[in-house]
Amino acid sequence: MNDSTEPHTDDEATAADQFFDTNEWKKHDNHIFILSSAGKPVYSRYGCEDKLVTLFGVMQALVSFVQDSDDSIQAIYAGKSLVVFLIRGPIILVSVSRSKESVQHLSDQLTYVYNQVVSVLTLTQVTRIFEQRRNYDLRRLLTGSERLINHLLDFTENEPEFTMNSVCCLPLSSSVRETISNAIISCCSKIKNLVFGILITGNRLITLVRLKKYHLKPCDLHLIFNMVSGSESFKTAENWTPICLPNFDSSGFLHAHVSYLADDCQACLLLLTVDKDLFFPLSAAKKNIVKVLRRTQCLDAINKALKTPLSVPDDIQTVHHFLYKCKKTSQMLAPAMTTPYHTTESANELLKQYEEMHSAIHQVGAPLNLIFQHTCTEIMLGWVNDNFEIYITFKPLISKSNCIEAVDKILKWIQKEEDKLFMLNMPTF
Amino acid sequence: MFSHHISPTIGASFFTCNINIDDTRIKLQVWDTAGQERFRSMAPMYYRNANAALLVYDITQPCTFSAIKSWVKELQRNVEEPLVLCVVGNKTDLETHRKVGREEASQYAASIAASYFESSALTDTGIEDVFLCCASGMITLSQDKLVRNLRVTTPHSDSPPTRLTSIPTGENEKPPLCC
């Protein structure tokens with residue numbers, strides 16, 4: 001996005017018309033656009049949206065043409081490209097992809113982008129603005145947020161948590177996790193209107209303390225992760241920022257006290273409240289929390305856990321990698337990618353394969369329980385039941401019975417380590 | 001200190017810093033607020049009870065200079081007690097791209113009884129002067145009987161320390177100013 005609203009000269013207009021014909025523009029596989037229902041550009045993932053006015057016009061025309069017959073456009077298959085539309089009130093989101101994802105996957109990605117917009121503005125504000133002025137230029141209010149959208153899109157493409165619709169926890173012994181949760185609860189006990197206390201590191205959850213009856217879905221937690229990891233400026237000082245969590249309450253903001261625990265412990269604490277005047281009490285509570293965590297050696301425990309990435313257990317030699325989701329808690333395990341998936345390219349290739357299996361298993365109308373596929377580079381298994389989902393990548397020359405044996409071993413290992421790998425109970429204030 | 005990886009402020013960030021002028025120790029409590037329009041409604045929270053405001057603009061972007069004028073009006077309308085005002089033209093490292101003249105800016109500053117400074121957060125120049133000026137302006141303010149929430153106390157007393165809240169505004173890509 002760009003603030004310039006100066007009119008183009010004729011020459012510039014011609015150049016702008018040809019902008020999406022350039023190789024620089026065409027080389028990208030997954031374009032994402034946001035526009036208003038009046039056809040005004042809001043966001044383009046690559047390149048200045050104001051040079052793409054004609055393209056946005058076409059998208060708006062397609063949407064309204066189908067709407068005229070009381071229908072709604074979902075997707076267009078055009079050769080190697082797939083165009084997916086998502087219409088949410090006054091906002092239209094479009095994805096143009098050549099990378100073979102399913103319509104559902106791209107539509108979920110667009111929903112995430114939409115959620116990010118709502119997270120910055122609240123649904124109430126978005127609706128009100130367009131009710132008052134149908135041709136409002138939403139870029140004015142989103143200035144600075146395109147960075148968050150870009151960052152979120154990278155997350156949806158590079159991390160399995162998006163596809164699996166779940167969060168990863170930092171492995172910690174249950175007693176350490178409990179001490180941390182209790183520190184947050186006791187230091188905040190006198191503060192009213194506190195809704196969530198969340199401690200995270202990177203994209204991993206350390207603990208989540210909540211007000212009784214309130215829950216956070218993975219997609220809202222992903223927005224929180226995105227805000228923290230996308231904002232370097234949080235590292236330099238204490239912060240106080242409004243954030244709307246669309247699946248929790250799309251109508252209003254929560255106010256978040258955001259700060260890293262200490263210079264020697266890069267975990268980020270978020271205290272979320274509905275009261276916009278709570279900064280100083282929360283700031284004091286945070287200091288006390290850090291004191292307790294330091295005294296109880298929890299900061300050291302967190303640092304130690306950060307240095308030991310999750311890996312496939314040593315005695316399971318036949319398995320390269322796996323993804324496991326516990327359905328009840330919406331928490332997942334994703335060991336670090338090791339050889340032969342240690343490069344970004346090969347890791348992304350594997351993620352893409354998980355995505356395809358996930359799409360096949362969850363196909364609308366024809367869901368599957370089990371997929372077993374054999375390629376020249378690996379064997380992959382996907383298995384879903386009432387309790388869990390597991391996707392496993394085996395070395396390529398393993399017999400079926402060895403695979404089954406390995407699945408058993410993994411499941412047993414997870415069961416044994418369960419209280420360390422997952423947050424089994426969600427403590428309350 | 002300036003980090004090239006610093007992203008724009010989201011919401012507002014808060015930090016304190018201590019400055020000594022002669023025998024007086026001044027604790028500045030600083031709110032660094034985001035300049036974007038969507039955070040505007042949060043602003044009263046920060047300038048309520050403030051004793052000073054830093055109005056920071058980008059010398060290469062005239063729109064940020066006009067933006068501080070609207071902030072000054074808002075402050076004049078809403079803050080009853082006297083404020084130490086400093087207008088700061090940032091990014092002097094981009095002198096060749098300057099679009100707002102020093103003369104124009106300092107004349108404007110004089111017209112609202114503010115001090116005028118120029119700084120570069122990138123090269124860490126001029127920033128200390130801004131905070132020193134704020135601090136000494138506040139010592140002067142504290143002698144004014146009208147200002148109730150600002151006091152210079154003798155050491156070891158339990159009274160609250162001298163405080164300052166600042167509202168740098170107008171620049172979206174503004175790095176934090178630290179002491």
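Values below: every heavy atom of this structure, side chains too, minus hydrogens, waters and symmetry copies. Chain letters run A, B, ... following the sequence lines, proteins first, then strands; residues in each count from 1.
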Got a sec: does the CG of A:Asn135 have more than 12 other heavy atoms crowding it under 6.0 Å? yes

Can you measure from CZ (B:Arg48) to CG (A:Asp277) and round to the nearest 0.5 angstrom? 5.0 Å

At a heavy-atom separation under 4.5 Å, does A:Lys235 approach chain B through its side chain, its backbone, both, or neither? neither

With a sphere of 6.0 Å drawn around NZ of A:Lys217, does it hold more than 12 non-hydrogen atoms of other residues, nucleotides or ligands? no

Please flag which part of A:Leu121 lies under 4.5 Å from any non-hydrogen atom of chain B: side chain, backbone, both or neither. side chain

Will you find, in the side chains of B:Arg38 and A:Thr143, an N or O donor that is under 3.5 Å from an N or O acceptor? no

Pairs in or reaching into residues 115-124 of chain A: which pass side chain to side chain donor-acceptor pair (under 3.5 Å), with residues at least two apart or in two chains? A:Gln116-A:Asn226

Does A:Val120 reach the side chain of B:Gln36, with side-chain heavy atoms less than 4.5 Å apart? no

Got more than 12 heavy atoms from elsewhere within 6.0 Å of CG, B:Asp22? no

Is the closest side-chain heavy-atom distance between A:Pro242 and B:Met42 below 4.5 Å? yes

Can we call the ring centroids of B:Trp31 and A:Phe279 under 6.0 Å apart? yes

For residues B:Met45 and A:Lys276, report the shortest heavy-atom separation together with the two atoms involved. SD-O, 3.2 Å

So, the part of A:Val258 with a heavy atom under 4.5 Å from chain B: the answer is neither

Do A:Thr241 and B:Phe39 have side chains that approach each other closer than 4.5 Å (heavy atoms only, starting at C-beta)? yes

Rounding to 0.5 Å, atoms CG (B:Asp32) and CD (A:Glu238) come to a distance of 13.0 Å

Closest heavy-atom pair, A:Ala237 versus B:Phe15, reported as atoms and distance to 0.1 Å, is CB-CB, 4.3 Å

Are more than 12 heavy atoms from other residues, nucleotides or ligands located less than 6.0 Å from atom CG of A:Asp263? no

Can you tell me if CD on B:Glu128 sees more than 12 non-hydrogen neighbours from other groups inside 6.0 Å? no

